[in-house]
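Residue numbering restarts at 1 for every chain, and letters A, B, ... go by the order of the sequence lines.
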Number of protein chains: 2
Amino acid sequence: MSLSYAILAALFNQPCSGYDLVKRFNKSVECFWSASHQQIYKALAKLEEEGHVSSEKIEQENRPNKKLYTVTDSGRQDLQQWIGETETEIVPLKSDLLVKLSAGHTVPTETLINALDTYYQQHRDKLKSYQAVSKQYAQVPELSRESQFQYLALRAGIRQQLAWVAWCEEAMGFLGQPVKQPVIKPGAQPAAVRESSRESFRESLRESSSAS
Amino acid sequence: MSLSYAILAALFNQPCSGYDLVKRFNKSVECFWSASHQQIYKALAKLEEEGHVSSEKIEQENRPNKKLYTVTDSGRQDLQQWIGETETEIVPLKSDLLVKLSAGHTVPTETLINALDTYYQQHRDKLKSYQAVSKQYAQVPELSRESQFQYLALRAGIRQQLAWVAWCEEAMGFLGQPVKQPVIKPGAQPAAVRESSRESFRESLRESSSAS
DNA sequence: GCTTATTATGTCTATAGGTGAATATTCCTG
DNA sequence: CAGGAATATTCACCTATAGACATAATAAGC
């Protein structure tokens, strides 16, 4: 359901081809909605069938022809109506790693550390890539209102990754492993990271017990 | 795929009936894997067919009979093997709200504030409920290794919710709305929340631009 | 005796979400 | 001109999930 709207939103901001859309999803939309190219093409076909987008064949000289997709009036209305619906469910978390951890006592600690390390690296990479996009926004002197909204969505993605990175460090501390390298240069990070990275498993237990 | 393993892990920690499993998923497992009762019953049936769990009919006096599910040797091996696999993909984020926001300029700000507020409340509720479970852990003088792992998984859930709550506040600040009430009593919160709540949209932009 | 809630276990169906493989064109390099 | 990379798209299939429906026992209140 939401994939269609994610596509409508992206196309509304900037009409483009399916292929370009895939690239945009991989670059930044991914931080709030991920999808494979097959899914995107399928959803585009359905949206066109429903009349929410229209396509125009563009003849290209140096490369295969492409279809330029544009949101129709009906598509825009549908999108706006959906945004207005308050039938809002928050994202249910689904993490392989946490499932593994919840049965962690059944396997050697080393196994868990390996899994954790893989995750840690991936989250750090994602964070880095989102922060790179964030930097691009920051370099524009005056962001359009449109861009500001997109930046705000990106901020959520960054906060999610920060939370994961901080948790990985906490988990590594618990599993008795030193953190291999500092997250990112100090000073370039919002205070939240440094604070939360410092927080240990033990400390958090004590805090919970003192909470009212 | 992972639902089966989430069930195996839960049953391995504590054998129970399908009904109880549903309740456990709603209570705390949900913070790392969510599933409906239909999915759980279906997955249980499949696991039994495959021989990974066995069921025993329990006659009950005061209520309908139930089936007590236990993980078999084959199930335990399967679970342990899966935990060892390093084919680990981090959770792709999928958020309706962020999709809505990315096209936020197409609707009145009030619409967005409404949507945001609904999310804010839900994340705060989730956070509160996870923190309540966390408190239960903290009250046990000496946690078993088993429980420590589960607590660590819960910590990830809490951090996720904290990140969402903090972002909601940042977003509200951007949309020009005052935060209606403080997150939770100060002092009961890890420093990370207070820090990150304070961080504004504008400040974050400046930080991004100064980052190397 | 009737209604409603809770415990307990499922099935069916439609649709959304997701993967793997295949296809075709054009460009660039050796 | 052969082979690979980038562009651009589609098919077939499978799983996941939501929503509705079905069943049946007990317990509590009116």
Side-chain angles (χ1 to χ4, degrees), chain A residues 1-8 11 15-27 29-30 32-50 52-53 55-69 78 82 85 87-96 99, chain B residues 1-7 11 15-27 30 33-50 53 55-69 87 89-96 99:
Chain A
M1 191 102 272
S2 290
L3 174 57
S4 307
Y5 292 110
I7 290 175
L8 280 179
L11 285 182
C16 67
S17 70
Y19 189 80
D20 291 331
L21 207 49
V22 172
K23 282 194 289 187
R24 284 170 63 188
F25 264 69
N26 287 336
K27 190 193 154 205
V29 175
E30 177 226 59
F32 54 86
W33 203 275
S34 66
S36 65
H37 66 114
Q38 297 98 319
Q39 285 175 274
I40 290 173
Y41 281 113
K42 204 211 253 181
L44 271 175
K46 207 188 164 199
L47 282 171
E48 188 167 18
E49 196 191 33
E50 292 165 343
H52 292 329
V53 299
S55 71
E56 189 196 348
K57 198 170 182 176
I58 304 284
E59 307 278 339
Q60 291 183 117
E61 300 263 302
N62 302 342
R63 52 197 61 190
N65 299 334
K66 68 176 179 181
K67 282 196 240 170
L68 182 75
Y69 287 94
D78 192 39
W82 176 73
E85 283 169 21
E87 180 218 305
T88 44
E89 279 291 298
I90 59 173
V91 275
L93 187 51
K94 303 220 159 171
S95 164
D96 280 16
V99 173
Chain B
M1 191 100 269
S2 291
L3 174 57
S4 307
Y5 293 111
I7 290 175
L11 286 181
C16 67
S17 69
Y19 189 79
D20 291 330
L21 208 48
V22 172
K23 282 195 288 186
R24 285 169 64 189
F25 264 69
N26 287 337
K27 190 193 153 207
E30 178 227 59
W33 203 273
S34 65
S36 63
H37 71 113
Q38 299 99 317
Q39 286 173 274
I40 290 174
Y41 280 117
K42 205 175 163 190
L44 271 175
K46 206 187 164 199
L47 281 170
E48 188 168 19
E49 196 192 65
E50 293 167 344
V53 300
S55 72
E56 188 195 349
K57 199 172 183 173
I58 305 283
E59 307 278 339
Q60 292 184 118
E61 301 263 303
N62 300 344
R63 51 196 60 194
N65 299 334
K66 66 175 181 182
K67 284 195 240 168
L68 183 75
Y69 287 95
E87 180 216 302
E89 277 291 299
I90 59 173
V91 275
L93 186 51
K94 302 222 159 168
S95 165
D96 279 17
V99 174

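Contact annotation for A/Lys42: base contact, defined as any heavy-atom pair under 4.0 Å involving a base atom. Within the 4.0 angstrom heavy-atom criterion, no nucleotide atom of any strand lies near B/Leu3. A/Lys57 comes within 4.0 angstrom of no nucleic acid atom, judged by non-hydrogen atoms across all strands. Backbone-only contact: A/Ser2 has heavy atoms under 4.0 Å from sugar-phosphate atoms and none from a base. Among the protein residues, A/Tyr5 comes within range of no part of the nucleic acid, since none of its heavy atoms lies under 4.0 Å from any strand. Within 4.0 Å of B/Lys46, counting heavy atoms only, lies no atom of the nucleic acid at all.
Comparing D/dT9, C/dT7, D/dA16 against the side chain of A/Ser17 picks out D/dT9 as the nearest. Closest to the side chain of B/Lys23, from the set C/dT9, D/dT9, C/dA8, is C/dA8.
In this entry the distance linking CG of A/Leu44 with P of D/dC11 reads 14 Å, nearest Å. Taking atom CG on B/Asp20 and atom P on C/dG10, their separation rounds to 13 Å, with Å as the unit. Here the P atom of nucleotide C/dT15 and the CD atom of A/Glu49 are 12 Å apart, to the nearest Å. Atoms CD1 (A/Ile58) and P (D/dT9) sit 11 Å apart, rounded to a whole Å. Protein atom CD of A/Glu48 is 11 Å distant from nucleotide atom P of D/dT9, rounded to whole Å. Note: CZ (A/Phe25) to P (D/dA8) measures 17 Å, nearest angstrom. Atom CG of B/Leu93 is separated from atom C1' of C/dG17 by 16 Å (rounded to the nearest Å). Between A/Glu50 atom CD and C/dA16 atom C1' the separation is 12 Å, expressed in whole Å.
Residue A/His52 comes nearest to A/Leu8 through the heavy atom pair O-CD2, 3.9 Å, listed as atom of the first residue, atom of the second, then distance. Shortest non-hydrogen contact noted between A/Trp33 and B/Ser95 is CE3-N, 3.5 Å.
B/Glu48 meets the side-chain hydrogen bond (donor to acceptor under 3.5 Å, both in side chains) test with B/Ser55; sequence neighbours excluded. Residues passing the side-chain contact (heavy atoms from CB on, under 4.5 Å) test with A/Lys66, sequence neighbours excluded: A/Ser17, A/Asp20, A/Ile58, A/Gln60. Residues satisfying the ring-ring contact (aromatic ring centres under 6.0 Å, His included) test with B/Tyr5, not counting sequence neighbours, are B/Trp82. Judged as a side-chain hydrogen bond (donor to acceptor under 3.5 Å, both in side chains), and not counting sequence neighbours, the contacts of A/Ser2 are B/Asp96.
An OP1 or OP2 oxygen of D/dT10 is reached within less than 4.0 angstrom by a side-chain nitrogen or oxygen of A/Lys67. Dashed line: the shortest gap from a side-chain N or O of B/Tyr19 to OP1 or OP2 of C/dT9 is not under 4.0 Å.
Considering CD of B/Glu50 and OG of B/Ser4, their distance stands at 6.5 Å, rounded to 0.5 Å.
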Listing, residues 38-47 of chain B side-chain donor-acceptor contacts under 3.5 Å, not counting sequence neighbours, or none:
residue : atom : partner : partner atom : Å
B/Gln38 : OE1  : B/Ser36 : OG           : 3.1
B/Gln39 : OE1  : B/Ser36 : N            : 3.1
B/Gln39 : OE1  : B/Ser36 : OG           : 3.1
B/Tyr41 : OH   : B/Tyr19 : N            : 3.4

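Summary of the strand contacts: B/Gly18 and B/Pro92 both lie near DNA chain C, and taking for each the nucleotide with the nearest heavy atom, the more 5' one is attributed to B/Gly18.
Non-hydrogen atoms lying under 4.0 Å from DNA chain D are contributed by A/His37, A/Gln38, A/Tyr41, all within residues 32-41 of chain A.
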